[in-house]
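Before any comments, here is the structure.
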Amino acid sequence: MAQRLSSKSKKAGPNIIRGYRRELTYFEVPVRSDIPKTTYADRGVIKEIFDEVDEEAIAKLASERENSTVLQDQRDTTVSDDFVKTIYGHCLSKIPTRSYGKINFNVNAYYGGCTALYFVSCASGNNKNETCVELLLLRSGFDCNHVEVSPIASSQDGYFNPANSHYVDEEGTFIGDCQYGTNHLMLLANDCRYGNLRNGIYVESQNKKPLLHLPVPMCKEDSCGLTLILCSGSDGVKYHNAVYILRTGVSNRKFESKLVSGEDKFKFDLGENHMVTVHGPSNSRYGLFHNANNPTSKQNQNVLVTQTQCLSGKHTLLTKLHEQCTLVVLCSNSYGVEDCTISSMYFLAINNQNLEDIQEVAGSFGTDCKKSNIWKFEIVDGKLVVIGPNEPCKYAVLSNVKASYMDLVSCISQDGCLATGESTKTTGNVKVTMEEITGHLNKSSTIRIMLDHNFVHTISIDELTYRDGEYIFSYQWQDNEKYVGYHKVRIFAIKKNLNTDEDVFIELSGSPCSITRQKPGVIYALNCAGPAYQDLNDIVYSSEHYQFANFDSNFLSGMQSKAVGSVKTQTILPTSMLNSHDGFLYSVSRSAYTEQKSEQRFRYKVNGIPNGSYKLRVHVVDVPEDMTFNGRPISKDIKEIIETMKKPGDLVGPTCYCVDINVDIHSNFFEIESESKDVHRHADQICAFALLDMTYSDKIFTESQKKQEYIERQKVIDKIPPLTTINTRKNMSIVGWSQNLLHNPTGENGDLTFWKTEGDIRVCDGGYDTDTCFVTSHIWGSKYQEVNLLDYFTEEYLDTSPGIMVLEDYKEGDFGGGNYCFTAQLLSTDRKVLKEYTTGEVGPLYYLHSEWEEANIIFSDYGSGVRFVAFSSKGKDSKSRAGFFGPYISGAEVRVKKKSTQSEDDSYADIPQMDKADSKLAVERLVSKVLTDNAALMEQFIKEDDVQDLPNMKLSSALEDETGQESKWALLKRFLTKQKLEKKREIRVFVSSTFKDFAKERDEIIKTAFSEIRRLCTERGVFFTYVDLRWGITSEQTSDGKTIAICLQEIDRCRPYFICLMGERYGWSQRKEDPDDVLNSTFDYAIESYPNLKWIDEFRYGSSVTQLEVLQGVLNNPNVSKDKCFFYMRDPPSKEKVSSQEYKNLSSESEWHHQQQERLKTQVKEHPLGLNITTFKSATEVANNIKRDLEQCVNIDFPKGTELTQLERMREAHNAFGEARQRVYIGRQDYFKNITEARDKGITKPFIILGESGSGKSSLIANWAKKIEDAEATTFVFVHFIGSSADSSDYIKLIRRLFEEMNIFYDFDMQIPTSDSLLINDIGKWLRMAGSRTKVVIVLDALNQLDDGTGEDGSEHDLMWIPEELPSNVFMLCSTLPGRAMQSCLRNKWPNMKVEPLQESQKMQIITDYLQGVYGKTLNSEQKIMLVNAQQTSNPLYLKSLLDEIRIFGSFRQLTDKIKEYLSARNPQELFAKILERLEHDFETGTNSRKYLVRDATTALWCSNRGMSESELIELLDVSIRMR
């Protein structure tokens, strides 16, 4: 198959890669000496560069040309006289078939590169009345078949825009891939091997007449022409220069001129007899280059052209300049091998021998280069000089200057060798057969032979034979070189570079070439639609292009392949290619799908096959339905074998299958054919096939070879852009908008489900960044769908008129034209149209140039009452052609503006993989010995309630794996991991002190000690914060009596870390004889609200709040926290060293306060357990002491090396999310029973929990999973809460985390794929392996919150990445909200259960258990009944949020009114709004408040990717310390 290249060149050679095993390597600077001189088929004789022609030399040269090999399409290369050589091409096909136009040009340019102007003109339509032309810049690569084609200018008339592409065959020949119609092609190159540019015609105005007839060749009635015209002239005041293209065609006087560069001062038209006329300035001159293949008049004069080359940077292009001229300069340069070339086209305006204008019209560059505009021009001593790189360059100059015969004779100067710097080239020819290599060359040189990228032999100069003026050589293949496979052979002459004295490689003509040594037992093998390829079993599949490419316009209207059908590139789930043993055979296929009914088939006929019984090996990506072999149906046989190959856990969709079936041949040929009955429903595809005799056998691969093969596959797939789902959706990241509310919006279901249709409309391949789209025919085809907005939003929200966006993409059909109409309507409940938008009938669409356009509208301010969105669109072909040639329609969307959306995901860093040693058993025995020797220590270390985590584990026994049993070493690792995660990685320090006397110390501690500790904790992966509520209680909280409760509760949160700064002041306190009403209220509130604080009542009088903090933090229970509690006692102040005011602030409030403070200090100092006490004199000293003590705590609790891995951090986050939902769960036990029963039945489909938002799905599955974990220690339980963090929403990272957890749990010796695509494809394999060892439970909560970063409507919601059938022993439990994910679950018919609203008895139990059981709060009967009877509290999320507000409300007497106020909220969203209002009142009003704190805090949380810590929020929001 020819290799199709995009606008950016791709690596095209060598054409064969042996499996995944061969790493392509290239040698330094190879060069091909010459393309065969018959690349252009000149019928005359070239006049050499001298005046008097040597007739004998001419005769000899003509004889050499006659004896050389002539390329097939000789008729397409025409000369106008005896020394004009031009590369022409021609191809023809009928609608709608594209055709190949082969031209005699090889894209491997070697030294100096090659730049060419590529002319394409096409006439199509019933009467050839539709014409289009295009001028392109062609850049040749150095070697390996690299080429890039870039558009310069185009023109069209009618429906059809230029749609030119190209191929390169295995030999490097350039092939135009042209649209249907009559196509004329031409190349003008800066390399004289491909023409000499002498076809240019010179014309000038006579007698200063502005109107001039141009000798543009007339096109035949069925064709179109493209002319490049270089113009210059003067109006007496100013010179004018320009370059134009002309599009000409006879029928209907088709004509257009278009400016390419310069000033648009020349006007072209058609005169009498269809002659082209030009009206320009007087004294105008023109140079014309036309692509029509018809001779021009002998009377025409030629323009000056040159083709030159150089090795140095500065080079003379023209030795003599005309006073006024326009030039086009084609430049090329090579700076390495393969694609390392640069090409550029320049426009130069020269007037009065001055360079008035220089423009780069077009440019192209290859690998490792940053720009194409690297050449500069100047005029030196009347000569045009170019300054380029100091590397080999080639140049061509096109002009509008009249040329003499001598000018044309001397215009070519490319005889020298750019490889060596010699004045003549080293040339030669080789012939390669299965047995030997023979060749000859014109100079004595060392010969080197390369086989498959390795030099295998060198022929020295002494081994050459000189005969008849040539040096002859030969080489017989050695036995060790005759191995099976597809081999690339290259032969080089080795010469010295005259400037550098380095060896250079000059590739001889006839090289490179390929030879095939087929494996025994292989009769025939073909890579359908692909190049020659050797698979891993060493079968060589030959190139389809080489055997079946069609260049005959008489065969099926000129279609490109004799195999018929069409080529399909596998864009759908490319990882399926690597699911096979040898996936490269599946990258492209021959499909029976085409629009033309007569071509809806594929057919391969191979003659010369001996009769007998064989095995037919067929490579397919889907189960065929209509495939036959010699007329016998074989689809059923293939399907039966494929069914046996499928495994539980495999993904749905195209997969690679290699099937062998038995066949018989009776007539010395075989024919494989498929003619599909309905290609729009199903079209067979075939990727490759091989005919094998009964002696054939595949290679046997060892396990190590398979493992290495897997690694090589992964390296390859890593380089493929991930198409992570079966239906790729165009990237769309619209912050704040809902998911796409349309179903089957672009036909991804493969049919028209969810759409109401009329007329002709179908689903087809392609689309705007999608795999499918809709296409219409010659009659209107329409589709209609309604979206019920109440399925996604409440009436209250809809009545706020949120933005509603409706859009769709469309473009012209395959052959231009077409009409399109798009309409969007907003409807009320009774379907009344409240607002409407329509594009009207748009078209014809040919002006779109095959680009997708978008029809869109965003509705806003439409008022209340909208409940439905009606979406409709239609299209039809405007040319009334039979078949589906109307517009393509893709990407329909309906979205509603949301109040908020989840933040985008960030990039994912792969989890570091462990390099597992082969000595695993020795390691486990070592671990066993360590555990045995330290059994007593381990028994002390392991808590009694942890013993169950090590079932049947005996410390004295060897920890060796047993067949079918779980590794004890794996169990131990799980236990240690659990121990590591159970320890909360947080240091929360409570700072206790009096207020006025420690201002300096606090500032110093925060700035130095705490900042350093926070940095250290960050390095260890530990969260650090401090709580200093002497500064953090608002006056409102003080007046409300919450001070003591807040302080003592925070001490419990910070335990065991406690710091107390003690001076002379005692702090806030009271005596019985002098009570403090506010302080008393704080005692009352704490005692009433928190039963665990009743002990403070006996300290109501005679104790300060600071003393209560010391009692709560340390003295009441010193054994728990004494090692993490620190007292810092300041020396008494000295009047001599401080000011009087400062001395007053540092001294006791009174004598009574002094006595109380001294008593407290004594109690601390004389504590029998010996508390940590340090004295200090200054703020700096105490800050250093605190830093020292806390650093020691960090090093003890979280030593270096105990940091959590990324996987452990993720596991910890999901565990924390689940634990928050496991504290209190009251639900129907039937739910647990139903889930357990489904699991016990061994269902092979995921079990889905359905329910509305806030209905308790997350709590249900969290509690069910916890029960399984507690009851079944050997069961692998994986719980993933989607949406709990940014990372959790990416299903690729979900799968990666699943594999990582399996690797740890089972101790798999497996490498986790680094490729996203391969990761998805391996799910089934990993689940099967896990299920074969233990029971597996996978819990995925909130599938509706999946988001891979491309928007909420991404195809991850289609759940195609979840296996259709789960392996045995594997149970998957999922939950989802209504939406696309739920629709996917229902469409797949997965078993499900719906979570119903809470019943009254359940609500009563939740109120009691949550308030009283957890927080010691009680409500009276009236309040409980009020909550139970409210309908909205049937939503668990609503009820829990309300209970949280109730438990922190300060006034029991006002609680009933507060409950009523909250119950006025009709849903969770309204309740959250009231909670935010309460927070705004608490923190944004009164003393020490901060305006917009709640707004800014919630905004920061919304914008953050992974949430924010308390300290981060405080720092970001610049919250005053008194606000904390």
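- Thr115 places no side-chain N or O within donor-acceptor distance of the main-chain N or O of Arg139, the cut-off being under 3.5 Å.
- Using a distance-only test at 3.5 Å, with no hydrogens or angles considered, no donor-acceptor pair links the side chain of Asn354 to the main chain of Glu356.
- Checked by atom type and distance alone, the side chain of Asn196 pairs as donor or acceptor with a backbone atom of Lys85 at under 3.5 Å.
- Checked against a 6.0 Å centroid threshold, the rings of Tyr335 and Phe142 do not count as neighbours.
- The backbone N or O of Cys231 lies less than 3.5 Å from a partner atom in the side chain of Thr326, making a donor-acceptor pair.
- Classification of Glu263 and Lys238 as a salt-bridged pair holds, one side-chain N sitting under 4.0 Å from a carboxylate O.
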The test is side-chain contact (heavy atoms from CB on, under 4.5 Å); show your working for Leu214 and Ile229 and say whether it passes. CA-CA 10 Å; Leu214 298 178; Ile229 302 184; 3.9 Å; yes
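- At a cut-off of 3.5 Å, with distance as the only test, no side-chain donor of Asn550 or Gln560 sits close to an acceptor on the other residue.
- A donor-acceptor distance shorter than 3.5 angstrom exists from the side chain of Ser399 to the backbone of Leu304, with no hydrogens or angles considered.
- You'll find the ring centres of Tyr395 and His315 inside the 6.0 Å limit.
- Ring-centre distance between Tyr118 and Phe174: below the 6.0 Å cut-off.
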Are His279 and Asp269 close enough, and set up right, to give a side chain to side chain donor-acceptor pair (under 3.5 Å), and what steps lead you there? CA-CA 8 Å; His279 190 286; Asp269 201 351; over 6 Å; no
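- Looking only at distances, no side-chain donor or acceptor of Asn190 sits under 3.5 Å from a matching main-chain atom of Cys114.
- Using modelled atom types and a 3.5 Å distance limit, the side chains of Gln324 and Asn351 yield no donor-acceptor pair.
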Would you sort out whether Asp177 and Arg98 count as a salt bridge (charged side-chain N to carboxylate O under 4.0 Å, His left out), showing the intermediate values? CA-CA 7 Å; Asp177 177 7; Arg98 296 181 67 86; 3.1 Å; yes
What do the steps show when you test Thr277 against His213 for side chain to side chain donor-acceptor pair (under 3.5 Å), and what is the final call? CA-CA 4 Å; Thr277 63; His213 287 82; over 6 Å; no
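- In the model, Ser121 has a side-chain atom that pairs as donor or acceptor with a side-chain atom of Asn291 under 3.5 Å.
- Taking the six-membered ring where the residue is Trp, His90 and His184 present tilted rings, their angle falling between 30° and 60°.
- Side chains of Glu204 and Ser284: no donor on one and acceptor on the other come within 3.5 Å.
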Using side chain to side chain donor-acceptor pair (under 3.5 Å), reason through Ser372 and Glu360 one step at a time and then give a plain yes or no. CA-CA 9 Å; Ser372 58; Glu360 186 190 29; 2.6 Å; yes
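- You'll find the ring centres of Tyr202 and Tyr286 outside the 6.0 Å limit.
- Looking at Asp357, its side chain never comes within 3.5 Å of a backbone N or O of Gly262 through a donor-acceptor pair.
- A donor-acceptor pair is defined here as one N or O able to donate and one able to accept, closer than 3.5 Å; such a pair exists between the side chain of Asn183 and the backbone of Gln179.
- Using a distance-only test at 3.5 Å, with no hydrogens or angles considered, no donor-acceptor pair links the side chain of Asn400 to the main chain of Cys325.
- Interatomic distance, OG of Ser165 versus CD1 of Ile175, reported as 11.5 Å (0.5 Å rounding).
- For Asp381, there are no side chain to side chain contact (heavy atoms under 4.5 Å, CB included) partners, not counting sequence neighbours.
- With Thr316 contributing its side chain and Leu318 its backbone, the two residues share no donor-acceptor pair below 3.5 Å.
- Side chains of Tyr239 and Asn352: a donor on one and an acceptor on the other come within 3.5 Å.
- Between the CG atom of Asn104 and the OG1 atom of Thr173 there is a distance of 7.5 Å, given to the nearest 0.5 Å.
- Residue Lys267 places its NZ atom among more than 12 non-hydrogen atoms of other residues, nucleotides or ligands, all under 6.0 Å distant.
- Glu256 is linked by a side-chain hydrogen bond (donor to acceptor under 3.5 Å, both in side chains) to Ser155, Arg247, counting only residues two or more places apart in sequence or in another chain.
- Side-chain contact of Asn373 with Tyr346: a donor-acceptor pair under 3.5 Å is present, judged by distance alone.
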Please step through side chain to side chain donor-acceptor pair (under 3.5 Å) for the pair Tyr194 and Asn106, ending with a clear verdict. CA-CA 9 Å; Tyr194 305 112; Asn106 193 285; 5.0 Å; no
Quick one: do His290 and Thr248 satisfy side-chain contact (heavy atoms from CB on, under 4.5 Å)? Show the steps, please. CA-CA 10 Å; His290 188 70; Thr248 54; 4.0 Å; yes
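- Salt-bridge check for Glu378 with Lys314: passed, with a basic side-chain N closer than 4.0 Å to an acidic carboxylate O.
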